[in-house]
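See below for the structure under consideration.
Quick note on labels: first sequence line is chain A, next is B, and so on, each numbered from 1.
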Amino acid sequence: MAKYDPKPIEEKWQARWREAESFATPKDPKNPYYVLEMFPYPSGRIHIGHVRNYAMGDVVARTKRAQGYDVLHPMGWDAFGLPAENAAMQTGGHPRDWTYGNIEVMRGQLQRMGLALDWSREFATCDEAYYGQQQRLFLDFLSRGFVERKESMVNWDPVDHTVLANEQVIDGKGWRSGAPVERRVLSQWFFKITDRAEDLLAALDDGRLAGWPEHVRQMQRNWIGKSKGLKMAFPLTAQAGALPEGTRDLPIYTTRPDTLYGASFLGVAPDHPLAKHFAHDDPGLAQFLTECQAAGTSEEAIEKAEKRGYRLPVTGRHPFTDEELPVYVANFILMTYGTGAIFACPAHDQRDLDFARKYDLPVKPVVCPPDADPATFEVGDEAFTDPGTIINSDFLDGLPVEEALPAAIAKIEEMGWGEGTTNYRLRDWGVSRQRYWGCPIPVIHCDACGAVPVPQDQLPVTLPDVPAEEFKKTGNPLDRDVCKDWREVPCLSCSGPARRETDTMDTFVDSSWYYARFASQPEGAPVAKAEADAWLPVNQYIGGIEHAILHLLYARYFMRNMKDCGYTDRDEPFENLFTQGMVTHETYRDHLFQYVSPDDVEFIKWDGSEPSDGELRRMWDNAKRVSNPVILNREEHQLSDDPDFFRGVIDVAKREGRAGIRLFTPGSGKREPIREFVRILPIEKMSKSKKNVVSPDAIADRYGADAARFFMLSDSPPERDVEWTESGVEGASRFVNRVYDLCAAHEGVLAGAGTPEGTSDLRRATHGTVQGVTDDIAAFRFNKAIARLYEFLGSLKGLKDAPAPETAEALSALARLVAPFCPHLAEECWSALGGQGLVCDAPWPIAEPSLLQADTVTVPVQVGGKKRGEVTVAADADRETVEAAALAEPAVVRFLEGKEVRKVIAVPNKPSGWRIVNVVAG
RNA sequence: GCGGACGUGGUGGAAUCGGUAGACACACCGGACUUAAAAUCCGUCGGCUUCGGCCAUGCGGGUUCGAGUCCCGCCGUCCGCACCA
């Protein structure tokens, strides 16, 4: 029998699919199903994690197609972004060339995996045809007031003279220059996502996103961060100097208006206007504000940062008590949340308490814990933040917290000092990026007319061609002389001198509507409504959990904007969401603790039984004369004549079961072990920097694409991380070979085989597997579907004796059930079996319900909850029969000896049969 | 600190509704085939055992005829947010 040779077979079927346009999207879908995996960033090469992601989508796409759906399953590239500029800086190339070059390579890699994709819809977000339409959307949003321009802080690198993304700031310093980053105010474009916060939040719970995992919805809920509270103002009095012009009071936001009587001071953020105002005449305050700004932004820095404050020469009057409260600038108050100012109630807020203790401010308890005495209750170093009863608070006294909240708000509203409000943690989405490689913002700035939108008929605003050497410099070439001709244009409104916007859009904008563009890509519009709505929403979206918040929230926001602009009737882009786990791998480091690639490591195992210390010593002494000291990659190797090294290797192999040795490639090109240990370290997410990425090409060369796909979906549940192991893919490869051998042994069995009849074990196994695999795929339990396929394959051993119709039924089902996982193998088998046409066009098998039920059932019998035996009864046996059989079982009888049967519990199984019998005796 | 998820053999994991704990795979071990090896095939595979059983799903309690599953309290791991008033 010919050995299954994956490479030519996979190439052959990929060519057939291409010729037959098997995966072309149907024109007018009657039964549409849109499956989409998050499109990749063209970073250079795909890794095995991509394979897992796309294999999952492919299983869904192929299964749905076989089940008669009209499937849309497209692929494209999230192609704008900073890495291209960084690569250009390092290599002296152009970001565009780097990006499109990577796309070429990665497209080839993906196509090799045999994915059922409609490549005719492929695009990259850096294509003019795509980003031009994105500019159209931007202008639509601008005209409807969804976009605004406002001032915002950026990270400014004073050495490189460039704006840095947050991830380029490390410990407050520029990643390239190492210079302390300054914060600068720039005018930037914002999408007003906060205007839609309420609906984005509501949809998480009203059933519109019922197909999303709960934890993703929870993360979005937290991110939006809705809170209900009170916005109120404290009238201010200057103790020294003067208040800023027009300022009479200090607006604050609080969620605990019930604790107003416990107020001991007011606080403002370091960048609050009031703080800045007084800093003009107070060098000490100015110094304090600078220090606050310079404070670390890392999580650790914030956690450890001490509460610090600076007293302002003003007081605020408490509307209930007329008390004058001191006003502090405090380093723990955020300008970006609420009003940037608070009232502090130290007894019931830990931060306020820490601050109050440090500056010796009063701590007055106003909420009494349920089990405490109001007369003596005091707060020590821990604020009391749980519910309780209000005390020391005049008209609120005696109320529980939940009733005091609305009462306090009502009172403040009545007094005219404020009103109950809803506040969100979510901020507007700043989309301006001071970079070249992104979608240009279609606006022209004129000193006289301000920001003038580029008319729709002048789109697209294309990126100017910039010589590659410009990217060696830091910063945005669009701002430099080289782009002067592009940038300086007459104003579209007054014809005076004006300049183009040189900021480009955040790449999250690109990925916020690509799914719609896949569904419909007309030339003159972002989408054609009827066509887009025929496919949208995406029925099944699959991607990494790392996009749980930003990408998915932005896409949801975008769809709502597009709906309001008349591009679609949908508001939610993704009906069902699945977040898959990462692929991890061991990491290896050499003696200098540098990472070493798995491709450069071989493992040695001790060949034979574990050596005793005596043996070890002897081996060490005889090291030079030992002819076969280790087995390396299943080959004999003369490792080294250095006794120390040899002993070390043996020690490690003995202790750990295996040891790693670094390989190197000498002049001859042959890879050989060198005298260097490699430490085997814990598994981690694959990343370039840790050198633990596994290339799908090497795997496909060795085992074939099918085995790689199959292994990525077996064993671990798809939402969980999976560790890449060589032995795992070897197991998958064995499966591929066994399936092929079995089908090859029954060549042509499908042709002319009659209709199977009866209820043989084989038929039951076939139909049970069909039902189980179908259910498992629908529920994303790919690991279990694969376990069933292994089980089914194992049960097909005695196939030679089976009648031809039953054999044909079993193998036909096997080929079709394997097809979503190992599509090439399935085609080869289908063809060998004599199946009609391509297996990818064959209908999905359907189980006969009558074959899913057994005539007899084996029922475990427990005595006192412990299994003691089992009985086999007819599936439709009545209760008395089952109980009698159980009580007659010899093992049961033995355990009942000398005991009285108190109760017999027989549990029926769902459709029919019996699940278990438990005999209670005592 | 807040919120969420999870803890099962040597390993990844299965157990769908509270009903036979360990499906399926990996590794290891044994056997067959072979001059030999690889590949392949077959078998054993949680621990202990006086071979009757006993003990086992992070730990300690509880509910139940029956708990990996439900409840309470710990311990541990991972993820998200994090001075959000």
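Here B:C2 sits opposite B:G80 as a Watson-Crick or G-U wobble pair (both hydrogen-bonding atom distances under 3.5 Å). Under the Watson-Crick or G-U wobble criterion, with both distances below 3.5 Å, B:A25 is paired with B:U11. Within the shown strands, B:C72 is the pairing partner of B:G60 under the Watson-Crick or G-U definition, both distances less than 3.5 Å. The partner of B:C41 is B:G31, judged by Watson-Crick or G-U wobble contacts that both fall below 3.5 Å. With both pairing distances under 3.5 Å, B:G19 is matched to B:C65 as a Watson-Crick or G-U wobble pair. Under the Watson-Crick or G-U wobble criterion, with both distances below 3.5 Å, B:C54 is paired with B:G47.
A:Arg868 comes within contact range of the sugar-phosphate backbone alone, with a heavy-atom separation under 4.0 Å but no base atom that close.
Here B:U16 is the nucleotide among B:G19, B:U20, B:U16 with the atom lying nearest to any side-chain atom of A:Arg788. Set against B:C81, B:A85, B:C55, the side chain of A:Thr254 has B:A85 as its closest nucleotide. When distances are taken from the side chain of A:His215 to each of B:G12, B:G4, B:U20, the shortest belongs to B:G4. Of the candidate nucleotides B:G12, B:G53, B:C24, B:C24 has the atom lying nearest to any side-chain atom of A:Ala787. Of the candidate nucleotides B:C24, B:U16, B:C81, B:C81 has the atom nearest to the side chain of A:Ile549. Comparing B:C83, B:C26, B:G19 by their closest approach to the side chain of A:Ser727 singles out B:C26. Closest to the side chain of A:Gln218, out of B:A85, B:G3, B:G13, is B:G3. With B:A27, B:A15, B:G13 as the candidates, the nucleotide lying closest to the side chain of A:Asn783 is B:G13. Of the listed nucleotides (B:C81, B:A14, B:U20), B:A14 has the atom at the smallest distance from the side chain of A:Lys784. Among the nucleotides B:A85, B:C55, B:G53, the one closest to the side chain of A:Ile342 is B:A85.
Between B:A56 and B:G46, the two C1' atoms lie 8 Å apart (nearest whole Å). For the C1' atoms, the distance from B:U8 to B:A14 is 10 Å, rounded to whole Å. Between the C1' atoms of B:G10 and B:C28, the separation comes to 8 Å (whole Å). For the C1' atoms, the distance from B:A27 to B:U44 is 14 Å, rounded to whole Å. Nucleotides B:C71 and B:G18 have their C1' atoms positioned 13 Å apart, rounded to a whole Å. For the C1' atoms, the distance from B:U69 to B:U20 is 15 Å, rounded to whole Å. Nucleotides B:A39 and B:U49 have their P atoms positioned 35 Å apart, rounded to a whole Å. Taking atom P on both nucleotides, B:U11 is separated from B:C17 by 27 Å, rounded to a whole Å.
Using a 30° and 60° split on the angle between ring planes, A:Phe578 and A:Phe780 fall in the parallel class, below 30°. A:His547 and A:His551 have perpendicular rings, their planes meeting at more than 60° on a 0 to 90° scale where under 30° would count as parallel.
With a glycosidic angle more than 90° from 0, B:G47 adopts the anti conformation. Applying the 90° cutoff around 0 to the glycosidic angle, B:G31 is assigned anti. Base orientation of B:C55: anti, since the glycosidic angle falls outside 90° of 0.
Between the side chain of A:Lys307 and the base of B:C83 there is at least one donor-acceptor pair of N/O atoms closer than 3.5 Å. No hydrogens or angles were tested; on distance alone, nothing pairs the side chain of A:Asn222 with the base of B:C81 as donor and acceptor under 3.5 Å.
At a threshold of 4.0 Å, the pair A:Glu214-A:Arg221 counts as salt-bridged, since one of the basic side-chain nitrogens sits closer than that to a carboxylate oxygen. Between A:Arg256 and A:Asp349, no side-chain nitrogen of the basic residue sits less than 4.0 Å from a carboxylate oxygen of the acidic one, so the salt-bridge criterion is not met.
Both A:Arg915 and A:Met335 lie near RNA chain B, and the one whose nearest nucleotide falls closer to the 5' end is A:Arg915.
Listed pair A:Arg734 / B:C41 fails the phosphate criterion, with no side-chain N or O lying under 4.0 Å from OP1 or OP2.
Paired with A:Ser264 under the rule side chain to side chain contact (heavy atoms under 4.5 Å, CB included), one option of A:Val363, A:Leu361, A:Leu353 passes, and it is A:Leu361.
A:Arg427 places a side-chain N or O within donor-acceptor distance of the main-chain N or O of A:Thr336, the cut-off being under 3.5 Å. Panel note: side chain A:Lys364, backbone A:Tyr261; a donor-acceptor pair is recorded below 3.5 Å.
Atom CH2 in A:Trp724 sits roughly 13 Å away from atom C1' in B:C26 (whole-Å rounding).
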